[in-house]
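By convention in this document, chain letters (A, B, ...) are assigned in the order of the sequence lines, proteins followed by strands, and residues within each chain are numbered from 1.
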Amino acid sequence: MGGIAFLIVRDRHGTIQVAMPKKKVPPELFAAATALSRESVVRIKGVVKQSAQARNGYEVIPSMIDVLSAARSPLPMGVVDKVNVEMDTRLNNRYMDLRKPEVRAVFEIKSMVLQFIDEYLVKNNFVEVFTPKVVASGAEGGSTLFKIDYFGQPAYLAQSPQLYKQMLMSTGLDRIFEISPAFRAEPSDTVRHVSEFISFDGEMAHIRGMRDVLDVLEGCTQYVVEGVARDGAELVSKLNMEIKMPKTPYPVIAYADALDMVVAEGLSLSMGDDLGTEGEKVIGDIMAEKGYDVYWIVDYPEEAKPFYIMEKDGTPFSHSFDLDYRGQEIASGGQREHRYDRLVERMRKKGLEPDSFDFYLAAFAYGMPPHGGWGLGVERLVQKMLDLPNIRETIIFPRDRNRLSP
RNA sequence: GCCCCGGUAGUGUAGCGGCCCAUCAUGAAGCCCUGUCGAGGCUUCGACUCGGGUUCAAAUCCCGACCGGGGCGCCA
């Protein structure tokens, strides 16, 4: 038994040292404190003292230590240990993982991101809506839908609010947005895919063209990143990084030009091909050299885009865009086809049966203004903004191909 | 779904046919020391994913299952 013992106590905001010189605290308190297991929950009463030896300049001399919950031992993973913990282990023990300030900071930042999105869109006269997540059909084919049983009827988890938000464009709500979960049954297994994610969707009526949509989305992402860099500086510093402000205006690269850039770098792609992950990264590198972190890639081949995207007449292209953040797509959207006949025509072209979309098409038959919108992956935005290696770092309890719990 | 790689103590790892009743770190238990501060010293505890096979001999090689990592495709 030495003459002094210490406890490091952690709460949401940080840590403080509890110092117990043997002569200055009751013996039973000293004994209880030194017997405490790591990560136990305590309530402490004492005197806060300035102390040159304490790490943050202050320490507590306790007069009472109440053990609210003793932690079992050994811990399933260390919180302050110097050994690494694999992500799988961390996710299996997320309640413990989240005790690390740097892990928690990501989710506090994510919360800020959502608040800034809300703030910006409301300022710009958007109305927040909620569309069903249990649906009868998907926006584009059924292969990526999770099937569920709905009172004996087949139903699906929504992969996107696409059809609903477009229908609302005929109502006079004019500018709407939604932040809600989206479900994809794609068997993707990458650091940027999960089967459940938060989708930030917007749709605006009476646009003059796609540029109107880009302006809102650019304004919004810029507002978010600026806001986090400003109000979240302390949280960001816990991640040992600094947010780099994207340069504005975001450059606009036409798909055809992007293709040339990629081919010039040695990739063998031809007109109509998807840029691919490698192509996206190449573009990301080229743009980074020019100082741009965020940029648009627009006018994709109509063939590569869903039925609801408007074609660029007289060309093989479409009024479509992706928003890329350092080589990764974080949002996509475009101007929609609002003309009933052209829409039906496009459905057929895509091999879809218009009859199975009658609830959707009806909204186009009685006055539908020109409109456009986007879908943005909130976690992808957070991931790229904070330069995180895996999208799972931005989801408290991620769902992917292999993970259904916790 | 395809292609690579891997599964060793609570955690993270070394070992990759006999030298291993398995290394190191962290952790836990105990002792010593100590105004500590990702403290230090000593002692102890604790593991080869599962099932087949090859071999005189398997943590080590082969097959399968399960689990995980990376890349691709697809996309937010």
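Here A:Arg192 does not reach the OP1 or OP2 of B:C74: none of its side-chain N or O atoms lies under 4.0 Å away. For B:G12, one of the phosphate oxygens OP1 or OP2 lies less than 4.0 angstrom from a side-chain nitrogen or oxygen of A:Thr89. Phosphate proximity of B:G71 to A:Lys281: absent, as no side-chain N or O sits under 4.0 Å from OP1 or OP2. Side-chain N/O atoms of A:Arg38 include one lying less than 4.0 angstrom from OP1 or OP2 on B:A28. Side-chain N/O atoms of A:Thr277 include none lying less than 4.0 angstrom from OP1 or OP2 on B:G71. The phosphate of B:A76 has OP1 or OP2 within less than 4.0 Å of a side-chain N or O from A:Ser332.
Taking the C1' atom of each, B:G46 and B:A22 are spaced 13 Å apart, rounded to whole Å. The P atoms of B:G12 and B:G69 are separated by 12 Å, rounded to the nearest whole Å. B:A28 and B:G64 are spaced 37 Å apart, taking the C1' atom of each and rounding to whole Å. Remark: the separation of the P atoms in B:C50 and B:U44 is 28 Å, to the nearest Å. To the nearest whole angstrom, the two C1' atoms, one in B:G18 and one in B:C67, are 31 Å apart. Taking atom P on both nucleotides, B:C61 is separated from B:A14 by 14 Å, rounded to a whole Å. Comparing the P positions of B:A59 and B:G17 gives an interatomic distance of 13 Å, to the nearest angstrom. Rounded to whole Å, the separation between the C1' atoms of B:A25 and B:G15 comes to 15 Å.
At whole-Å resolution of the value, CE in A:Met87 and C1' in B:G6 are 16 Å apart. Summarising the geometry, the separation between CG on A:Leu75 and C1' on B:G27 is reported as 8 Å, rounded to the nearest angstrom. Note: CG (A:Asn84) to P (B:U13) measures 7 Å, nearest angstrom. As a whole-Å value, the separation of A:Leu275 CG from B:G73 P is 11 Å. The CD-P distance, from A:Glu379 to B:A76, rounds to 14 Å in whole Å. Protein atom CZ of A:Phe6 is 16 Å distant from nucleotide atom P of B:C33, rounded to whole Å. Rounded to whole Å, the distance from NZ on A:Lys22 to P on B:U36 is 17 Å. Between the C1' atom of B:A76 and the CD1 atom of A:Ile297 lies a distance of 15 Å, rounded to the nearest Å.
For A:Arg380 and B:C75, a side-chain-to-base donor-acceptor distance below 3.5 Å is present, hydrogens and geometry of angles not being considered.
Looking at heavy-atom distances under 4.0 Å, A:Glu86 makes contact with sugar-phosphate atoms alone, never a base. Nucleic acid contact class of A:Asn402 (heavy atoms, under 4.0 Å, all strands): sugar-phosphate only. Residue A:Glu280 is in base contact, counting any heavy-atom pair closer than 4.0 Å across all strands shown. Contact annotation for A:Arg401: backbone-only contact, meaning every heavy-atom pair under 4.0 Å involves sugar-phosphate atoms and none involves a base. A:Ser37 comes within contact range of no nucleotide atom at all, as no heavy-atom separation falls under 4.0 Å. Within 4.0 Å (heavy atoms only), A:Gly78 reaches no atom of the nucleic acid at all. Within the nucleic acid shown, A:Asp81 comes within 4.0 Å of at least one base atom, counting heavy atoms only.
The side chain to side chain contact (heavy atoms under 4.5 Å, CB included) check on A:Leu267 picks up A:Val262, A:Glu278, A:Val282, with sequence neighbours excluded.
If A:Pro389 and A:Asp274 are placed on RNA chain B by their nearest nucleotide, the residue sitting closer to the 5' end is A:Pro389. Mapping A:Glu59 and A:Leu323 onto RNA chain B by nearest heavy atom places A:Glu59 closer to the 5' end of the strand.
The ring pair (Phe, Tyr, Trp, His ring centres under 6.0 Å) pairs that include a residue from residues 204-245 of chain A are A:Phe116-A:Tyr223, A:Tyr120-A:Tyr223, where partners are two or more places apart or lie in different chains.
Distances were taken from every side-chain heavy atom of A:Ile4 (C-beta onward) to each of B:G35, B:A76, B:C72; the shortest belongs to B:G35. Taking every side-chain heavy atom of A:Pro74 into account, B:G27 is the closest of B:C74, B:G27, B:G1. Checking B:A28, B:C75, B:U11 against every side-chain atom of A:Ser73, the shortest atom distance belongs to B:A28. Among the nucleotides B:G35, B:U11, B:G70, the one closest to the side chain of A:Val191 is B:G70.
Pairing of B:G64, defined by two Watson-Crick or G-U wobble distances under 3.5 Å, is identified with B:C50. Under the Watson-Crick or G-U wobble criterion, with both distances below 3.5 Å, B:G1 is paired with B:C72. Base pairing annotation: B:A14 forms no Watson-Crick or G-U wobble pair, as no partner gives both donor-acceptor distances under 3.5 Å. If you check B:A29 for Watson-Crick or wobble pairing at under 3.5 angstrom, you find it paired to B:U43. For B:U23, there is no paired base (Watson-Crick or G-U wobble, both distances below 3.5 Å).
Annotation for A:Glu234: atom CD does not count as buried by contact number, only 12 or fewer foreign heavy atoms lying within 6.0 Å. Annotation: A:Glu303, atom CD; neighbour count of heavy atoms from other residues, nucleotides and ligands within 6.0 Å does not exceed 12.
For A:Lys350 and A:Phe307, the positive end is not near the middle of the six-membered ring at less than 6.0 Å and at most 45° from its axis.
Aromatic ring pairs are classed by plane angle as parallel below 30°, tilted from 30° to 60° and perpendicular above 60°; the pair A:Trp296 and A:Phe321 is perpendicular.
Residue ring and nucleobase are stacked for A:Phe197 and B:A76, with a centre distance beneath 5.5 angstrom and an angle between planes beneath 30°.
Side-chain contact check for A:Met96 versus A:Leu75: some heavy-atom pair is nearer than 4.5 Å.
Considering CD of A:Gln383 and OG1 of A:Thr394, their distance stands at 6.5 Å, rounded to 0.5 Å.
When atom types are taken as modelled, the side chain of A:Arg184 and the backbone of A:Gln159 share a donor-acceptor pair closer than 3.5 angstrom.
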